[in-house]
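Each remark here refers to the structure printed beneath this line.
All figures in this text were calculated on a predicted structure; none of them were measured in a lab. So that the names make sense, note that chain A is the first sequence line, chain B the second, and so on, each numbered from 1.
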Amino acid sequence: MDEETHELVREIVSGVPAGTVATYGDVAALAGLPNPRMVGQVLREDGGDIPWHRIIRADGVPAAHLRSEQLARLRAEGVLAEGQRISLTRYRWNPEGPGAG
DNA sequence: CGCGTGACGCCCA
DNA sequence: GTGGGCGCCACGC
């Protein structure tokens with residue numbers, strides 16, 4: 001992965017405010033990536049200096065290997081999860097901002 | 001270049 | 001709600 005893309009993705013993910021969540025597809029779209037898989041690819045190399053736990057799948061379910069971690073961290077931010085799923089329509093991050101309309 | 005795999009997303013039955 | 005298939009790009013062998 002190019003450092004540029006790597007940096008960009010980190011910026012976007014890091015730009016996700018607490019109490020909200022974003023999907024890989026959203027991050028990928030904002031980063032200009034052709035597929036959401038690239039987002040995960042980057043996060044993998046990143047490390048943990050970013051709120052990766054705010055990135056979940058489009059169905060509102062976090063990664064299986066992070067399920068517990070994600071849910072736990074998000075919980076601390078006020079992002080409740082019904083069982084294992086999170087209400088995107090309720091916590092989905094809006095990159096356009098509430099002042100866009 | 002081909003094969004297998006992956007922190008994904010959409011479609012169909 | 002569940003199970004199976006396809007598309008997409010990148011990494012490692």
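Ion pairing between A:Asp49 and A:Arg10 fails under the 4.0 Å rule for side-chain N and carboxylate O.
Pair check for C:dC8 finds none; no Watson-Crick or G-U wobble contact set falls under 3.5 Å. Searching all strands for a Watson-Crick or G-U wobble partner of C:dG1 with both distances below 3.5 Å returns nothing.
In this structure, the CE atom of A:Met38 is 7 Å from the P atom of C:dC11, given to the nearest Å. Here B:dA7 presents its P atom at 16 Å from NE2 of A:His6, a figure rounded to the nearest Å. Across the protein-nucleic acid pair, A:Leu88 atom CG and B:dC8 atom P stand 14 Å apart, rounded to whole Å. Atom P of nucleotide B:dA7 and atom CZ of A:Arg57 are separated by 11 Å, given to the nearest angstrom. Rounded to whole angstrom, the span from the CG atom of A:Asn35 across to the P atom of C:dC6 amounts to 18 Å. One can place CG of A:Leu43 at 16 Å from P of C:dA10, the figure rounded to the nearest angstrom. Between the C1' atom of B:dG6 and the CG atom of A:Leu66 lies a distance of 13 Å, rounded to the nearest Å. Rounded to whole Å, atom P of C:dA10 lies 9 Å from atom CG of A:Leu33.
The side chain to side chain contact (heavy atoms under 4.5 Å, CB included) check on A:Ala28 picks up A:Leu33, A:Pro36, A:Val39, with sequence neighbours excluded.
Exactly one of A:Gln70, A:Glu77, A:Glu69 qualifies for a side-chain hydrogen bond (donor to acceptor under 3.5 Å, both in side chains) with A:His53. That residue is A:Glu77.
Between A:Asp26 and A:Gln41, the residue whose closest nucleotide on DNA chain B is further toward the 5' end is A:Gln41. Two residues, A:Glu45 and A:Pro36, neighbour DNA chain C, and the one matched to the more 5' nucleotide by heavy-atom proximity is A:Pro36. Residue order along DNA chain C, read from the 5' end via each residue's closest nucleotide, puts A:Arg85 first among A:Arg85 and A:Met1.
Dashed line: the shortest gap from a side-chain N or O of A:Arg37 to OP1 or OP2 of B:dG6 is not under 4.0 Å.
A side-chain donor-acceptor contact under 3.5 Å links A:Arg54 to the backbone of A:Val16.
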Test A:Thr23 against A:Asp26 for side-chain hydrogen bond (donor to acceptor under 3.5 Å, both in side chains), laying out the working first. CA-CA 5 Å; A:Thr23 68; A:Asp26 288 346; 3.2 Å; yes
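Annotation: C:dC9 and B:dC1 have their P atoms spaced 15 Å apart (nearest Å). Distance noted for atom C1' between B:dA7 and C:dC13: 22 Å (whole Å).
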